[in-house]
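Have a look at the structure below, then the notes.
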Amino acid sequence: FFMWQVPHFWLVLLSSCDGDYERASLPSMTRTFSLEQISRITFMWIIGTAAACVTIPLFGVIDEPWVNAGLLAAGVWVVWRSVRILHAARGDTGFQHAFKRINQYACMVVSLLSLAGLLR
């Protein structure tokens, strides 16, 4: 969840809340980095999140091949579906879609791990 929180929050910022931060005179990433930089950083965090989840079986938490395959498939899916943010412009729906995808991905990971735990 630590890895997931960063792209989750930044996608919220990019998709809908940036104007709210500006109006409230609160600092946000958009004051420090350009939209393109934040998009690239967020995409790298999404890749990092997927890579971290794929390594969960290495720590002995799970040893079911179907869970390993599910984590890999979900990771590839979220990265593939998030590529769009690299070319998204301010106000584009690409950030909103990526926000939905990163949350769906977290749900998939939790579901896979929960199901594996229940079937033990």
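A distance-only check finds no donor-acceptor pair linking the side chain of Thr55 to the backbone of Leu58 [under 3.5 Å].
Between Tyr105 and Arg81, every side-chain heavy-atom pair lies at or beyond the 4.5 Å cut-off. Taking the side chain as every heavy atom from C-beta outward, Ile102 and Trp10 never approach each other to under 4.5 Å. Inter-residue side-chain proximity for Thr49 and Val109 is flagged as unmet; no heavy-atom pair is nearer than 4.5 Å.
Hydrophobic clustering keeps Met3 apart from Val76 (ILVMFWY residues linked when any side-chain heavy atoms are closer than 4.5 Å, directly or through intermediates). By the criterion of side-chain heavy atoms lying less than 4.5 angstrom apart, applied directly or through intervening Ile, Leu, Val, Met, Phe, Trp or Tyr residues, Ile62 is not grouped with Leu118; the two fall into different hydrophobic clusters. No continuous path of hydrophobic side-chain contacts links Val67 to Leu72 [ILVMFWY only; heavy atoms under 4.5 Å]. Hydrophobic clustering of Ile, Leu, Val, Met, Phe, Trp and Tyr side chains at less than 4.5 Å, counting indirect connections, keeps Ile46 apart from Val54. Under the 4.5 Å side-chain heavy-atom criterion for Ile, Leu, Val, Met, Phe, Trp and Tyr, Val110 and Trp77 are members of the same hydrophobic cluster.
The two residues Cys53 and Pro57 come nearest to each other via the heavy atoms O-CD, 4.0 Å. Scanning both residues, Ser34 and Gln37, for their nearest heavy atoms gives N-OE1, 2.8 Å. Residues Ala74 and Met108 come closest through the heavy atom pair CB-SD, 3.9 Å.
For the atom pair CG (Leu86) and CZ (Arg84), the distance works out to 12.0 Å, reported to the nearest 0.5 Å. Taking CG of Asn68 as the start and CH2 of Trp66 as the end, the distance is 10.0 Å to the nearest 0.5 Å. Taking CG of Asn103 as the start and CG of Leu11 as the end, the distance is 8.5 Å to the nearest 0.5 Å. Rounding to the nearest 0.5 angstrom, the gap separating the CG atom in Leu113 from the CD atom in Glu64 is 11.5 Å. With values rounded to the nearest 0.5 angstrom, Ile41 atom CD1 is found 4.5 Å from Phe33 atom CZ. Between Leu35 atom CG and Arg40 atom CZ the span is 10.0 Å, to the nearest 0.5 Å.
Relative orientation of the Phe99 and His8 rings is tilted, given thresholds of 30° and 60° on the angle between their planes.
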